[in-house]
Amino acid sequence: MTTHTTRMLIIGSGPAGYSAAIYGARAGMQPIVVQGIQPGGQLTITTDVENYPGFADVIQGPWLMEQMQKQAEHVGTRMMWDTIVEVDLANGSPFRAVGDSGDEYIGDVLVIATGAQAKWLGVPGEQELGGKGVSACATCDGFFYRGKKVAVIGGGNTAVEEALYLTNHSDDVTLIHRRDTLRSEKILQDRLFASEKITPLWNKTVSRFVKGENGKLHHLELRDTVTGELSTLEVDGAFVAIGHAPATELFKGKLPTDESGYLIVEPGTPKTNIPGVFACGDVMDHTYRQAVTAAGTGCMAALDAERFLATLEHARHEAVAAE
Ligand code: NDP
């Protein structure tokens with residue numbers, strides 16, 4: 001077992017974690033990023049990225065994350081290929097974390113950037129057709145279905161927002177929901193029902209995503225949740241919007257979370273209720289969930305971490321001087 005000590009310990013390696021690392025390293029905090037099971041995060045499982053500012057041409061998600069990692073390393077970040085399995089926040093700074101390698105990490109500040117993952121239906125064809133017609137993010141991929149037939153699966157705020165968003169690109173959007181009433185806020189429902197481009201399909205679940213001869217999604221096999229009857233719906237794109245699961249298992253009982261499991265921060269900041277512990281990116285943001293917003297909150301976490309450390313180090317200095 002090795003102990004790694006740093007002024008800034010970052011858990012998670014998506015745009016939030018890497019941005020925190022870039023800013024933290026440039027501020028002299030010698031960050032350590034513990035990358036987790038999926039280094040690079042959710043963007044490593046997407047293909048084309050067209051909405052990350054700074055790139056006039058389409059770029060690939062895995063490439064973008066590789067660049068962020070290299071940039072963080074160039075300015076002085078240490079990357080650890082390890083997954084944190086335990087954290088100890090009870091005694092304040094410095095914070096201790098343990099990796100599944102058995103290594104121990106000690107950080108004067110802790111930045112949590114563990115992200116979130118889209119929930120999937122877990123039915124045949126879904127995984128295989130990921131990126132070939134099946135997606136979990138209309139804001140990211142909707143553009144690729146301009147003028148095509150699309151469907152959104154789900155009945156919450158995300159599903160309704162995604163269906164509304166897709167009407168910017170498509171005149172034929174079907175919202176498939178397993179019940180006959182939506183869970184989403186009334187204002188969103190009103191907009192949905194007012195749209196001539198969206199057709200709700202009630203009491204249906206997708207039982208299978210079926211590919212066509214071109215290897216891309218061709219149609220959905222649907223099951224009626226009341227009668228059990230099977231039917232099909234031809235679509236070019238299907239967006240699964242049944243919720244996200246933030247990766248907050250590690251912090252259960254240690255940091256407050258909302259009813260969906262997202263870490264709660266002081267509004268407008270990445271500060272948790274423990275001084276020196278910051279949360280950024282999708283783990284604390286169920287609303288925007290974009291790479292660029294995650295990067296933005298990662299930067300905020302580093303700036304606040306720097307201020308926290310300056311105050312902490314000043315207090316330690318004063319305490320030594322007073323002895
Ligand atoms: P929700 O949990 O609110 O909704 C998930 C939806 O997916 C529900 O309608 C649910 O059906 C359906 N669903 C779940 N599992 C399955 C399944 N296996 N098969 C078929 N359907 C399924 O998730 P959201 O992502 O919509 O929202 C998460 C949180 O984020 C909420 O608190 C929401 O209010 C918030 N949010 C806020 C926004 C805003 O304020 N602008 C935007 C987006 C999200 P059922 O209804 O039957 O349970």
Side-chain angles (χ1 to χ4, degrees), residues 42 51 114-127 129-130 134-142 150-168 173-195 198-210 217 219-233 235 237-249 256-265 267-268 279 281-294 297:
Q42 291 182 72
N51 57 7
T114 46
Q117 287 205 315
K119 289 185 194 161
W120 295 97
L121 292 164
V123 299
E126 184 177 46
Q127 248 190 328
L129 292 169
V134 179
S135 164
C137 179
T139 328
C140 322
D141 299 331
V150 292
V152 176
I153 299 121
N157 275 355
T158 304
V160 175
E161 281 195 345
E162 300 230 320
L164 289 166
Y165 174 81
L166 285 167
T167 60
N168 294 317
V173 180
T174 306
L175 181 87
I176 301 167
H177 184 35
R178 64 182 175 183
R179 295 185 293 124
D180 62 0
T181 49
L182 296 169
R183 178 183 290 279
S184 72
E185 289 163 14
K186 177 150 186 332
I187 184 165
L188 287 172
Q189 296 196 26
D190 291 346
R191 280 185 215 149
L192 179 100
F193 295 133
S195 171
I198 305 174
T199 312
L201 203 53
W202 304 116
N203 301 322
K204 300 274 191 284
T205 54
V206 175
S207 48
R208 208 154 65 95
F209 294 86
V210 184
L217 177 66
H219 69 267
L220 309 176
E221 182 185 271
L222 305 174
R223 189 177 59 79
D224 192 292
T225 53
V226 180
T227 64
E229 203 179 305
L230 292 178
S231 56
T232 58
L233 179 73
V235 287
F239 295 86
V240 179
I242 61 169
H244 280 75
T248 48
E249 202 48 37
T257 54
D258 68 12
E259 70 283 357
S260 311
Y262 289 84
L263 292 182
I264 294 176
V265 289
D282 287 11
V283 75
M284 49 70 96
D285 168 24
H286 60 64
T287 309
Y288 301 104
R289 293 197 298 252
Q290 300 302 300
V292 66
T293 50
T297 54

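Just follow the structure's listing: the first ligand is 1, and inside any ligand the first atom is 1. Values in this document were obtained by computation on a predicted structure and should not be read as measured data.
Every N/O-N/O distance between Thr205 and ligand 1 stays at or above 3.5 Å. Not a single N or O atom of His244, backbone or side chain, sits closer than 3.5 Å to an N or O atom of ligand 1. Polar contact check, Thr287 against ligand 1: no nitrogen or oxygen pair lies under 3.5 Å apart. Considering backbone and side-chain N/O atoms, Arg289 never comes within less than 3.5 Å of an N/O atom of ligand 1.
Atom 31 (C) of ligand 1 is never approached by the protein to below 4.0 angstrom, counting heavy atoms only. Within a 4.0 Å radius of atom 17 (C) of ligand 1, the protein has at least one heavy atom. Distance check for atom 13 (N) of ligand 1: a protein heavy atom is found below 4.0 Å.
In this structure, the side chain to side chain donor-acceptor pair (under 3.5 Å) partners of Glu185, at least two apart in sequence or on a different chain, are Asn157.
Ionic pairing of Arg289 and Asp285 is not present here: no N-O contact between side-chain nitrogen and carboxylate oxygen is shorter than 4.0 angstrom.
With a heavy-atom cut-off of 4.0 Å, His177 touches ligand 1 through its side chain alone. The side chain of Leu121, and not its backbone, has at least one atom closer than 4.0 Å to an atom of ligand 1 (non-hydrogen atoms only; side chain from C-beta on).
Other residues, nucleotides and ligands contribute over 12 non-hydrogen atoms within 6.0 Å of the CZ atom of Phe193.
Distances from atom 9 (O) of ligand 1 to the heavy atoms of Ala136, Gly155, Ser184, Ala118 put Gly155 nearest. Distances from atom 5 (C) of ligand 1 to the heavy atoms of Leu188, Ile242, Asp258 show the closest one on Ile242.
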Using a 3.5 Å cut-off and no angle test, enumerate the donor-acceptor pairs between side-chain atoms of residues 256-264 and protein atoms at least two apart in sequence or in another chain.
{"from": "Asp258", "atom 1": "OD1", "to": "Ser260", "atom 2": "N", "distance (Å)": "2.9"}
{"from": "Asp258", "atom 1": "OD1", "to": "Gly261", "atom 2": "N", "distance (Å)": "3.0"}
{"from": "Asp258", "atom 1": "OD1", "to": "Tyr262", "atom 2": "N", "distance (Å)": "3.0"}

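Summarising the geometry, atom CD belonging to Glu161 is positioned 8.0 Å from atom CZ belonging to Arg191; distances are rounded to the nearest 0.5 Å.
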Worked check of side-chain contact (heavy atoms from CB on, under 4.5 Å) between Val240 and Val206: CA-CA 10 Å; Val240 179; Val206 175; over 6 Å; no
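For atom 34 (O) of ligand 1, the closest heavy atom belonging to the protein is Asn157 ND2, 3.0 Å.
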